[in-house]
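See below for the structure under consideration.
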There are 2 protein chains.
Amino acid sequence: MAGAGASGPRHTMADVARRAGVSTATVSRALTRPDQVSPKTRELVHEIAEELGFRPNLIGRQLRAQAANSLLILVQDLENPFYAELIKGAEYVARERQFSVVVGGTDGLEDVERLYAEQYLGRRVDGLILLTGHLPAGLSRKMAEQGPVVLVSEDNPELALCAVLVDNVGWAAQAVAHLHALGHRRIAHLCGPMARIISRERREGYRRALSQAGLPADPALEAPGDFSFETGRRATRALLALPDPPTAIFCANDESALGAIRAAQQVGLDVPRDLSVIGFDDTMLAEISDPPLTTIRQPRQQMGAVAAEMVIDMLENGPGQCARRILDCELVERSTVAAPAAKS
Amino acid sequence: MAGAGASGPRHTMADVARRAGVSTATVSRALTRPDQVSPKTRELVHEIAEELGFRPNLIGRQLRAQAANSLLILVQDLENPFYAELIKGAEYVARERQFSVVVGGTDGLEDVERLYAEQYLGRRVDGLILLTGHLPAGLSRKMAEQGPVVLVSEDNPELALCAVLVDNVGWAAQAVAHLHALGHRRIAHLCGPMARIISRERREGYRRALSQAGLPADPALEAPGDFSFETGRRATRALLALPDPPTAIFCANDESALGAIRAAQQVGLDVPRDLSVIGFDDTMLAEISDPPLTTIRQPRQQMGAVAAEMVIDMLENGPGQCARRILDCELVERSTVAAPAAKS
DNA sequence: TTGTAAGCGTTATCAC
DNA sequence: GTGATAACGCTTACAA
């Protein structure tokens, strides 16, 4: 009967070996290389292991194997729904390849980063997937660059690391070009926090699209932001109070885009009739939005999957040279974008 | 200079010992019990360790110590923002007490649960914090009940485990009583998925409040749901199409409450004038909601913190008997609840 | 097919 | 104050 005896003190291989009257080596083989053991012994060992509720001690195994078969994913903010799906993608691939995944949220705190770096340096995890855009404090650049470490979503040009990215500049430009194609001429950008490279990249895309469209760059239309709803709302309110307000806003992420929509509605404007809004990420918020948000979808699951694949490949085949994979995004048209109202 | 030599092959204590001309025991002591070593030796060892970029191998340490100093938090769905803050609370306490925290999302998949159970049984983590409401497949009840395992948020009366909970029945009843006090008489309940005990508890609270208020129990007012926005929207649309529609809805969580609000707005009803809505959880969605959602706030961070404390206490002082901590919620009044409109 | 023994990296114990 | 040694639990040459 399954589960019998699966309580009480935990047993080691030595216990099983003793009870079965064989050596620990045989127990180990019976459990992990069944074919190398006579059917009779194999059965016996399995039976006793079951009876005792024996589970191999993974620490012992890891020490011996010099590998934890485990990946660490480092995230700034666990609360950000953007990461969850990405983590899922990584976990799925990892599982397929017999790896486990550990998730750590740093909240940008150096001490916490240091703790996680220690896990890596202390070999409790074999590889590192960084969604933070930078190395954790405590991990030297050299150390990272020769090891199984990949950057995801957030690039860092100063680091010679493998990376899984999207073309933020290009897709931001696409978003803006989409607005322009519909006839918008006053297009604002609600920026992300400038400390993050993705924010700078998306702004860069905005500027590039403007210039390609032959539109003037008006600094007043670049509103500072921090990815949050509330800041998005406030910044948009200011934008709409401008003497010559924008007819469309490209927001650096979905959450702040919802803030922009709210600001418009609060001053009696209709989205998309009076103001078009486009976001970035396509998180669950985009569907909850009213009206549903037009946005740029990042292939989050795939990003996680590819990252995990990269790290595990490096682990299995040696570091090799670093690769940079750029994945495709997609413009998801929902209901917050329309042609601008005719001039009144 | 810090970080020097922190690349290249990784070193062990034996390397450091050799270079310093001391034994590994001394290296170990110099690094972890500095006072047991002469200042001179201590300095020397530190210097060489630094120079070599030596980091102690945690696996070796763990094997020796027979402890991983690590907790596993199991979650159904990493995407649910409810968990993030709770995890943060647990991480914070764990860190204070020199523990690390590992987060695992099971998606309700048995195979995945089994993998995580293996991590626990294989002693890669010392304790378990379950936000799933049930034991992971592969972990026997007996095994769990004698070990450092706690249930959080989601109770399971069949298990004699430590638990950190809120009074779902009581606070659901409070929510409904709040509506009743304002004059509502037709109060509906948008249920959560019935497979989850918190859903059943919240429904129970709804029913209890109704009966305490002397209101009839109308099965038509209990709409089935699954915590999602879309289902909440659809169910509410049906509710509003009833011959005698409700004037208020108590929703089993925030996300479905947003769905309810949307449904009302889509048929031209004003929230809260024509329909009052109250949620449960107080996630970030409650603030993003338009109008901002009145809801029951769970002390998520504290729940995580207390859970971590419990597990670590059990680890340090032996299992002891299991405790059940019930934490307080709070009714957060925002803008989706008002007195019902006068009868027309 | 099975057993013996070494070794993974660390730390605690016991001498010195 | 320091060193030798054993031990944590497992796997794998190598030998039988």
Side-chain angles (χ1 to χ4, degrees), chain A residues 9-46 48-49 52-70 98 118-126 315, chain B residues 9-46 48-49 52-70 98 118-126 315:
Chain A
R10 291 182 189 175
H11 299 279
T12 72
M13 275 194 176
D15 299 324
V16 179
R18 202 174 312 116
R19 295 271 283 249
V22 299
S23 71
T24 58
T26 300
V27 175
S28 173
R29 281 189 289 248
L31 264 24
T32 57
R33 280 154 175 52
D35 44 308
Q36 290 185 17
V37 140
S38 81
K40 208 168 136 245
T41 320
R42 192 197 314 146
E43 296 252 307
L44 176 64
V45 169
H46 274 107
I48 302 213
L52 257 36
F54 167 75
R55 306 274 94 188
N57 181 314
L58 299 177
I59 306 286
R61 195 175 265 183
Q62 279 167 39
L63 182 57
R64 167 73 218 216
Q66 295 286 76
N69 270 246
S70 164
Q98 322 271 36
E118 217 54 50
Q119 304 275 320
Y120 174 66
L121 294 169
R123 298 181 158 296
R124 264 183 62 155
V125 296
D126 312 301
L315 246 15
Chain B
R10 292 184 188 172
H11 299 279
T12 72
M13 275 195 175
D15 299 324
V16 179
R18 202 173 312 117
R19 297 269 283 247
V22 299
S23 71
T24 58
T26 298
V27 175
S28 174
R29 280 188 291 247
L31 263 25
T32 58
R33 279 153 175 54
D35 45 307
Q36 289 183 19
V37 140
S38 81
K40 210 171 135 241
T41 320
R42 191 197 314 147
E43 296 252 307
L44 176 64
V45 169
H46 275 106
I48 303 213
L52 256 37
F54 166 77
R55 305 275 96 189
N57 181 313
L58 298 177
I59 305 286
R61 196 176 263 182
Q62 280 167 39
L63 182 58
R64 167 71 219 208
Q66 296 285 75
N69 270 248
S70 164
Q98 322 270 35
E118 217 54 51
Q119 304 275 321
Y120 174 67
L121 295 169
R123 298 183 158 296
R124 263 181 65 153
V125 295
D126 311 302
L315 246 15

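In what follows, every chain begins at residue 1, and chains take the letters A, B, ... in the order their sequences are listed. For the numbers below, each heavy atom of this structure counts, side chains included, while hydrogens, waters and symmetry mates do not.
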- May I ask you to verify if any side-chain N or O of Arg61(A) is less than 4.0 angstrom from the OP1 or OP2 atom of dG9(D)? no
- Message: Tell me whether the NZ or CZ atom of Arg10(A) lies within the 45° cone about the ring axis of Tyr120(B) and under 6.0 Å from its centre.
- Response: yes
- Task: Starting from the C-alpha separation in whole Å, work towards a yes-or-no answer on side chain to side chain contact (heavy atoms under 4.5 Å, CB included) for His46(B) and Leu31(B).
- Result: CA-CA 7 Å; His46(B) 275 106; Leu31(B) 263 25; 3.8 Å; yes
- Query: Of the non-hydrogen atoms in Leu63(B) and Gln66(B), which two are nearest, and what is the gap between them?
  - Reply: O-OE1, 3.1 Å
- Arg124(A) side chain to Ala68(B) backbone, donor-acceptor under 3.5 Å: yes
- Message: So does Asn57(A) get a backbone contact from the side chain of Arg123(B), meaning a donor-acceptor N/O pair under 3.5 Å?
- Response: no
- Query: Whole-Å distance between dT2(C) P and Arg18(A) CZ?
  - Reply: 19 Å
- Task: Specify the separation, in whole Å, of atom CG of Asn69(B) and atom P of dT11(C).
- Result: 12 Å
- Query: Given atom CG of Leu44(A) and atom P of dT2(C), what is their separation to the nearest angstrom?
  - Reply: 10 Å
- Message: Which is more 5' along DNA chain D, the nucleotide nearest Arg42(B) or the one nearest Leu63(A)? Just name the residue.
- Response: Arg42(B)
- Message: When you measure from the side-chain N and O atoms of Gln66(B) to the phosphate of dG9(D), is any distance below 4.0 Å, counting only OP1 and OP2?
- Response: yes
- Residue pair Val45(B) / Ala20(B): nearest heavy atoms and the distance that separates them: CG2-CB, 4.5 Å
- Task: Please state how far atom CG in Leu58(A) lies from atom P in dT11(D), giving the value in whole angstrom units.
- Result: 9 Å
- Given Arg61(A) and Thr32(A), is the side chain to side chain contact (heavy atoms under 4.5 Å, CB included) satisfied, shown in steps? CA-CA 11 Å; Arg61(A) 195 175 265 183; Thr32(A) 57; 3.7 Å; yes
What protein N or O atoms touch nucleotides 3-6 of chain D N or O atoms at under 3.5 angstrom, if any, and at what distances?
from	atom 1	to	atom 2	distance (Å)
dG3(D)	OP2	Ser23(B)	N	3.0
dG3(D)	OP2	Ser23(B)	OG	3.3
dG3(D)	OP2	Thr26(B)	OG1	2.5
dG3(D)	N7	Arg29(B)	NH2	2.8
dG3(D)	O6	Arg29(B)	NH1	3.2

- Per atom distances to the Ser38(A) side chain, the nearest of dT1(C), dT10(C), dG9(C) is dT1(C)
- Nearest-angstrom distance from the residue atom CZ of Arg10(A) to P of dC10(D): 12 Å
- Look at Arg33(A) and dT12(D) and indicate whether a side-chain polar atom (N or O) is within less than 4.0 Å of OP1 or OP2. yes
- Determine the minimum heavy-atom distance between Ser23(B) and Ala17(B), stating which atoms define it. C-CB, 3.7 Å
- Which heavy atom in Arg29(B) sits nearest to a heavy atom in Val37(B), and how many Å separate them? CB-CG2, 3.9 Å
- Message: Nearest whole Å is fine: how far is dT10(C) P from Arg124(A) CZ?
- Response: 14 Å
- Query: Can you tell me how far P of dG7(C) sits from CG of Asn57(B), to the nearest Å?
  - Reply: 17 Å
- Task: Using five pairs at either end of the helix from dT1(C)-dA16(D) to dC16(C)-dG1(D), determine the angle between the two local helix axes and round it to 10 degrees.
- Result: 40°
- Quick one: label Gln62(B) by what it contacts on the DNA or RNA (base, sugar-phosphate, nothing), any heavy atom closer than 4.0 Å. nothing
- Item | Gap between atoms CG and C1', on Asp35(B) and dT2(D) respectively (whole Å) | 15 Å
